[in-house]
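Below is one structure, written out as structure tokens; comments come after it.
Per chain, numbering begins at 1; letters A, B, ... match sequence-line order.
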Protein chains: 2
Amino acid sequence: MKMAHKFKTLDRAPVYVKVCNAIEADILSGVLKEGALLPTEAELCVQFGVTRSSVREGIRLLQQSGLVERGAAKRLVVKSPKTIEIAEAASRSMALGGATFGEVFETLAMLYPEAARLAARRLSSEALDALCAVRDGLRDAPPDAADEIVDYAVEFFQQLASGLDNRVMLAMLQSLNLMIGASLQLVIDQTPNAHERILNAQSEIIEALKNHDEARAHAWMTKHIEDLRRGYVVAKVNLDARIL
Amino acid sequence: MKMAHKFKTLDRAPVYVKVCNAIEADILSGVLKEGALLPTEAELCVQFGVTRSSVREGIRLLQQSGLVERGAAKRLVVKSPKTIEIAEAASRSMALGGATFGEVFETLAMLYPEAARLAARRLSSEALDALCAVRDGLRDAPPDAADEIVDYAVEFFQQLASGLDNRVMLAMLQSLNLMIGASLQLVIDQTPNAHERILNAQSEIIEALKNHDEARAHAWMTKHIEDLRRGYVVAKVNLDARIL
DNA sequence: ATAAATATGTTGTCCGACAATCCTAATATG
DNA sequence: CATATTAGGATTGTCGGACAACATATTTAT
């Protein structure tokens, strides 16, 4: 008995999706390396055999996923997503998805102490210097300049994360930074002694990192974050409220 | 002396970007709630006063960020991003950004033991039942069916993460799952006793969760992940290689 | 009343056109 | 000769209109 031939289901995706996929495939497979120039729109039209409208819609799709970007001369250049951009996209999506302060803080409280522990194990001396620079900046800042204090507090987290030399971790920590960064502003200028307390925590953490004292780094980071969290409670921010 | 008037810098973004931003703003501000139907393209044209090409390009931008989707009758409906989609986007970007197995595993080894500890503190009984179901499924699976074992191993992580009731954490854990999921396949069928070892780890973790024994949950999760990591070494997977 | 046929609306794709912008190269000027 | 200017060409952004494909709503026929 002869089996009737089975056809594969036809690919009925819109053309602009196919354009997006085709380009993306070549990027992913390495045919198009980072920084490579894509053909012009007109060129893509003839290569794919579709009209410019479709090509352009496909490009928008690629553009939003950060794989491609307009460079000099407006030409499209291939770009491999940087951790900060991944973090931005993720935190933006979380905000839109309705994540709350409580969720962010709980995650922060879980991740950063462990990050500090890892840092105590392997932070380079340059990374440590960067942390010291942040701490010194904070020390010299006027104790009532809330915005500056916030900047230094976030920057401390940022530098610590960067020093871990792990892009996956970095992206996650950065996205947490972004999610609280904006709101920290509202809190800190209502917290008494914020300047002093944060400065102290940073100093203790740095000291622990210097001595490769993992437990102490972990403990102080925990304390530091708990301190920040208390700020939200004092400022009467509802932890179930959506992040901005 | 009269000060010359200062003009704000003009907004010179392309129209399609403005279209995207305008719609996004209304979604974010709550004017457009989840599930709401967007006007048709023709309608948007007259409302924004631009041509359909521009509207369509703007829609592609929104579409890729997961804020909008074609529903029944092809109409555009507003959609708030789900954690799994955020995780997918993030892991995809990380893969394109060149993240390595080593980075993923290190992050996994940091996050999941802490997640297990948290789970021991507050996992609901339903979530625990779900974990048991996974464990039972794995127990009854043939010990040489590598793909099934992988599925159950990943599913165990998935259920644990879901039970934490924290979307931010969930998104991060899920994105880690996705990043190793694909590659675990290659490893497990080269690992002797994988079935038995994974089953044992799952059972121990479940036992610890039941007894709210945070330390033990943490310890066994650590052991479990280290075991998986060893699989990569045995299978001679280069930990500096890019994830798929 | 149900099924078939038709009408209507919406999206996907095409085409052609033009202004704004940027790059390149030729030209003018010191 | 080097630099500034200008002209030219290439490319993107935006427009308008057109039509086929498809899904829904409405009417007609059985």
Round to the nearest Å and state the distance from [X] atom [atom1] to [N] atom [atom2].
{"X": "B/E41", "N": "C/dT11", "atom1": "CD", "atom2": "C1'", "value": "6 Å"}
{"X": "B/L38", "N": "C/dT10", "atom1": "CG", "atom2": "C1'", "value": "14 Å"}
{"X": "A/L76", "N": "C/dC22", "atom1": "CG", "atom2": "C1'", "value": "15 Å"}
{"X": "B/L37", "N": "C/dG9", "atom1": "CG", "atom2": "P", "value": "17 Å"}
{"X": "A/F48", "N": "C/dT13", "atom1": "CZ", "atom2": "C1'", "value": "16 Å"}
{"X": "A/E57", "N": "D/dT12", "atom1": "CD", "atom2": "C1'", "value": "16 Å"}
{"X": "A/R75", "N": "C/dT21", "atom1": "CZ", "atom2": "C1'", "value": "15 Å"}
{"X": "A/L61", "N": "C/dG12", "atom1": "CG", "atom2": "C1'", "value": "14 Å"}

So, is [X] close to the [N] phosphate, meaning a side-chain N or O under 4.0 Å from OP1 or OP2?
{"X": "A/R12", "N": "D/dC22", "value": "yes"}
{"X": "A/R70", "N": "D/dG13", "value": "yes"}
{"X": "A/R60", "N": "D/dG13", "value": "yes"}
{"X": "B/R56", "N": "C/dG12", "value": "yes"}
{"X": "A/Y16", "N": "C/dG12", "value": "yes"}

Return yes if some donor-acceptor pair links the side-chain N/O of [X] with the main-chain N/O of [Y] below 3.5 Å, else return no.
{"X": "A/R122", "Y": "A/L164", "value": "yes"}
{"X": "A/R60", "Y": "B/R56", "value": "no"}
{"X": "A/E103", "Y": "B/R167", "value": "yes"}
{"X": "B/K82", "Y": "B/S80", "value": "yes"}

query = Of the options A/E41, A/R70, A/E69, which is the one that meets A/L76 in a side-chain contact (heavy atoms from CB on, under 4.5 Å)?
reply = A/R70
ask   = Quick one: CG on A/L62 to OH on A/Y16, what's the gap to the nearest 0.5 Å?
value = 13.5 Å
Every protein N/O within reach of nucleotides 15-19 of chain D N/O, cut-off under 3.5 Å:
unit_1, atom_1, unit_2, atom_2, d
D/dC15, OP2, B/T51, N, 3.1
D/dC15, OP2, B/T51, OG1, 2.9
D/dC15, OP2, B/S54, OG, 3.1
D/dC15, O5', B/T51, OG1, 3.4
D/dA18, N6, B/R52, NH2, 3.4

ask   = What pair of heavy atoms forms the shortest contact from B/G58 to B/V19, and how long is it?
value = CA-CG1, 4.3 Å
note = Tightest non-hydrogen contact, residues B/R242 and B/A95, listed as NH2-O, 3.0 Å
query = Below 4.0 angstrom, N of the basic side chain to O of the carboxylate: do B/R75 and B/E43 qualify?
reply = no
ask   = Quick one: bend of the helix from C/dA1-D/dT30 to C/dG30-D/dC1 from 5 pairs per end, to 10°?
value = 0°
